[in-house]
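Report on one structure; see the data block that follows.
Side chains included, hydrogens not; waters and symmetry mates left out as well; all remaining heavy atoms used. Throughout, protein chains are lettered first and strands after them, A, B, ... in sequence-line order, and every chain is numbered starting at 1.
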Protein chains: 2
Amino acid sequence: MAGSHTLAETERQVQTRLAGMELDFAAMAVTSNLFRAANAVRNHFERNVLSKADLSWTAFVVLWVTWIWEPIETRQIAAEGGFSKATLTGVLSTLESRGLVQRVKSDTDGRLVLVNLTKSGRKLMADLFPAFNKQEAQVSAMLTEEQRASLADMLRSMTAFTEATEE
Amino acid sequence: MAGSHTLAETERQVQTRLAGMELDFAAMAVTSNLFRAANAVRNHFERNVLSKADLSWTAFVVLWVTWIWEPIETRQIAAEGGFSKATLTGVLSTLESRGLVQRVKSDTDGRLVLVNLTKSGRKLMADLFPAFNKQEAQVSAMLTEEQRASLADMLRSMTAFTEATEE
DNA sequence: TGTAGATTATTCGCATCCAAACAATCGAGC
DNA sequence: GCTCGATTGTTTGGATGCGAATAATCTACA
């Protein structure tokens, strides 16, 4: 972890400070490392790839999901990206004002809004994504192919379980 | 993933739409599942545990780190928690206004600020943390002990690598 | 044909998040 | 003792993030 304390130091201190509590340290290690890794990787991507295009992580995800599935309904972008529709509305406003996406009302259902990339939005993604994918490879380069597959599977099952208990 | 598309569908569509690009799908799977899992787990915790105490994820992390290491310097909280000092200042203002923490200027270095929990901050953490840790156990219950250890190790090495390239 | 319940995207209010700029402080070096 | 570079925490401006409320729309049903 970025902080000055190693995990071992942290666990030792936790045992000192929280004596008497029955704690699941293996679970704590999973959760805290999940967030540290996600945070570190996100910051890395924002600084090394996305800042060139002046994009936040979420703006990038919206562009990417739209690039892959366009034309796509806004509710689907929000679901794929894992953020609220309120957040998406704001991010789409930002991207639309930069001319990267366009929003169109659905012909068939007046409640729905469809999103496309613009020409410049597509060009931006075509230029940016190879570098992004290269960084994706780099941040897990220390893992074997088997480890990567195993890691992705374990994360996927955590997500599936967690979201299942939300519904 | 929460979206309507499975990973297999997503990869197929990516290959269709991005034909001609050499992409590292294993790396993509790692990155996308890392964020989905982190996001899903964070939302789960905010809804099921932290909302009772009207705490955001980050507010909780600040309280937890302070609880374990207090008195602690603000720069150390930011480093342990993985967010900027600017963010920390705002979150500490919120927590201080709720009477959960207090900030004190250092005696020995006028630049530094030290943070403690208040009595009610400590009580809140003592009451909240067992439920939090129980949820930590739940979100990884589907994994064996060996898998949890392996997962934490792989995430830790990704974080270490990513942060090493920042310095 | 009209109504009611459900769904959609947007808005609002507030909290978080960060880079950059700033003021205060520290310590090394002269 | 003074200066300069570095460090700290705060402020600023702007973007994200969300729950709740809102208005518009859809569909099933009477």
Fill in: Most 5' of B:Gly90 and A:Asp107 on DNA chain D, judged by nearest nucleotide
B:Gly90
Practice prompt. Tell me which nucleotide among D:dC18, D:dT8, C:dA6 gets nearest to the side chain of B:Lys85.
Written response: D:dT8
Item to complete: Would you mind checking if B:Arg148 and A:Asp24 are paired as a salt bridge, meaning a charged N to carboxylate O distance below 4.0 Å?
Response: yes
Worksheet item: How many Å lie between CD on A:Glu73 and C1' on C:dT7, as a whole number?
Response: 12 Å
Fill in: Nearest-Å distance for atom pair CZ/C1', residues A:Arg98 and D:dG14
13 Å
Item to complete: Rounded off to whole Å, could you give me the CD-to-P distance for the B:Glu46 and D:dG19 pair?
Response: 8 Å
Discussion item. Between C1' on D:dT7 and NZ on B:Lys105, what's the gap in Å once rounded to a whole number?
Written reply: 13 Å
Practice prompt. Select one nucleotide: of C:dC18, C:dA9, C:dC17, the one nearest the side-chain heavy atoms of A:Leu112.
Written response: C:dA9
Discussion item. Just by distance, no angles: are the side chains of B:Thr108 and B:Ser106 close enough, under 3.5 Å, to form a donor-acceptor pair?
Written reply: yes
Practice prompt. Taking only the side-chain heavy atoms of A:Arg75 (C-beta and beyond), determine which of C:dT16, D:dT8, C:dA9 contains the nearest atom.
Written response: C:dA9
Worksheet item: Does B:Thr87 or A:Leu88 map to a spot on DNA chain C nearer the 5' end, using the closest nucleotide for each?
Response: A:Leu88
Discussion item. Can you identify which nucleotide, out of D:dT8, C:dT25, D:dC18, has its nearest atom closest to the B:Thr74 side chain?
Written reply: D:dT8
Practice prompt. Take the protein atom CZ of A:Arg103 and the nucleotide atom P of C:dA9, then report the distance between them rounded to whole Å.
Written response: 11 Å
Fill in: Side chain B:Thr118, main chain B:Gly99, donor-acceptor under 3.5 Å
yes
Item to complete: Measure from the side chain of A:Ala86, starting at C-beta and using heavy atoms only, and say which of C:dC18, D:dG9, C:dT11 lies closest.
Response: C:dT11
Worksheet item: Just wondering, do A:Val62 and A:Leu92 contact through their side chains at under 4.5 Å, heavy atoms?
Response: yes
Worksheet item: Base, sugar-phosphate, or nothing for B:Thr94, non-hydrogen atoms under 4.0 angstrom?
Response: sugar-phosphate
Worksheet item: Which listed nucleotide (C:dT7, C:dA9, C:dC17) is nearest to the side chain of A:Thr89?
Response: C:dA9
Fill in: Nearest-nucleotide 5' precedence on DNA chain D, B:Ser93 against A:Ser56
B:Ser93
Discussion item. Using the ring centroid of each side chain, check whether A:Phe132 and A:Trp64 are separated by less than 6.0 Å.
Written reply: no
Item to complete: Using whole Å, report how far CG of A:Asp54 lies from P of D:dG14.
Response: 13 Å
Worksheet item: Within this structure, what is the CG-to-P distance between A:Leu95 and D:dG17, rounded to whole angstrom?
Response: 11 Å
Discussion item. If I take atom CZ in residue A:Arg111 and atom C1' in nucleotide C:dT7, what distance separates them, rounded to the nearest angstrom?
Written reply: 5 Å
